[in-house]
Amino acid sequence: MPVQRLNHAVLYVRDVERSVAFYREALGFDVVMGMPGAAFLQASGSTNDHDLGLFQIGPDADPSPAGRTSVGLYHLAWEVDTLDELERVAVKLGELGALVGSSDHGTTKALYAKDPDGLEFEVSWLVPASLLTDEVLAARAGIRPLDLAADKERYGARTRGGVGVSIPA
């Protein structure tokens with residue numbers, strides 16, 4: 001039987017309370033369980049037991065060298081349902097000083113941000129399968145600047161993303 005989906009990710013962080021506050025504020029995660037030096041968070045609407053585990057390793061921890069001097073995880077990506085929600089998250093991440101970029105991958109509209117420990121993550125909206133055209137599929141070969149206003153006009157601000165792709169039709 002093949003893997004069905006990612007159930008959760010676990011991050012080592014310098015300060016659990018700081019990271020919990022960030023993920024709650026930035027992405028609306030809720031704490032479902034905690035203990036000294038650890039917290040388990042769930043995304044709104046998730047059916048997972050938890051989506052993100054955080055383990056504190058202290059303020060003197062070095063930054064992750066992954067991608068610079070060692071192999072390692074580049075980023076995690078969370079999906080939102082609508083382009084309105086992607087825009088709301090973009091505004092919130094900007095207010096928090098966490099937004100570091102955005103891009104249009106054709107089938108995926110993406111924001112990139114860093115948490116308080118500099119760990120990168122992505123928040124994305126996927127074009128639903130019923131709206132995939134040859135043009136959209138061909139656009140995956142390159143990366144363009146994200147234009148949320150144009151995408152909202154093209155696909156609809158409240159069109160549910162990922163249907164038939166990451167969400168069963």
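Counting from 1, the numbers follow the sequence of the chain as shown.
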Closest heavy-atom pair and its distance - [X], [Y]:
| X | Y | result |
| --- | --- | --- |
| L126 | S166 | CD2-OG, 4.0 Å |
| H75 | E122 | NE2-OE1, 2.8 Å |
| G106 | A139 | CA-CB, 3.7 Å |
| T82 | A157 | CB-O, 3.4 Å |
| A113 | L93 | CB-CD1, 3.8 Å |
| V20 | A39 | CG2-CB, 3.6 Å |

Taking [X] for the side chain and [Y] for the main chain, is one N or O donor matched with an acceptor at less than 3.5 Å?
| X | Y | value |
| --- | --- | --- |
| D104 | R144 | no |
| R14 | A61 | yes |
| R140 | L137 | yes |
| E120 | Y74 | no |

Enclosure of E17 CD (heavy-atom neighbours >12, cutoff 6.0 Å):
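Result for CD/E17: open.
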
Ring centers of F55, F40 separated by less than 6.0 Å
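Yes, close enough.
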
Min side-chain heavy-atom separation [X]-[Y] under 4.5 Å:
| X | Y | answer |
| --- | --- | --- |
| K152 | L83 | yes |
| T107 | V165 | no |
| L41 | L27 | no |
| K109 | V127 | yes |
| E79 | I167 | yes |

To the nearest 0.5 Å, what is the distance between [atom1] ([X]) and [atom2] ([Y])?
| X | Y | atom1 | atom2 | result |
| --- | --- | --- | --- | --- |
| D81 | R160 | CG | CZ | 5.0 Å |
| E95 | E25 | CD | CD | 8.0 Å |
| I143 | S103 | CD1 | OG | 5.5 Å |
| D117 | S19 | CG | OG | 4.5 Å |
| K114 | F22 | NZ | CZ | 12.0 Å |
| E87 | D151 | CD | CG | 10.5 Å |

Please check if [X] and [Y] belong to a single hydrophobic cluster, counting links between Ile, Leu, Val, Met, Phe, Trp and Tyr side chain heavy atoms closer than 4.5 Å.
| X | Y | value |
| --- | --- | --- |
| V100 | V89 | no |
| V163 | V80 | no |
| F121 | L146 | yes |
| V10 | V32 | yes |
| Y12 | L54 | no |

Here's a test for you: under side chain to side chain contact (heavy atoms under 4.5 Å, CB included), which of D147, V136, T159 qualifies with R154?
V136

Tell me whether the rings of W125 and Y155 are parallel (<30°), tilted (30 to 60°) or perpendicular (>60°).
tilted

Audit row: Q42, D49, side chain to side chain contact (heavy atoms under 4.5 Å, CB included) steps and yes/no
CA-CA 7 Å; Q42 184 182 55; D49 176 67; over 6 Å; no

Would you sort out whether Y23 and D51 count as a side chain to side chain contact (heavy atoms under 4.5 Å, CB included), showing the intermediate values?
CA-CA 11 Å; Y23 283 103; D51 296 288; over 6 Å; no

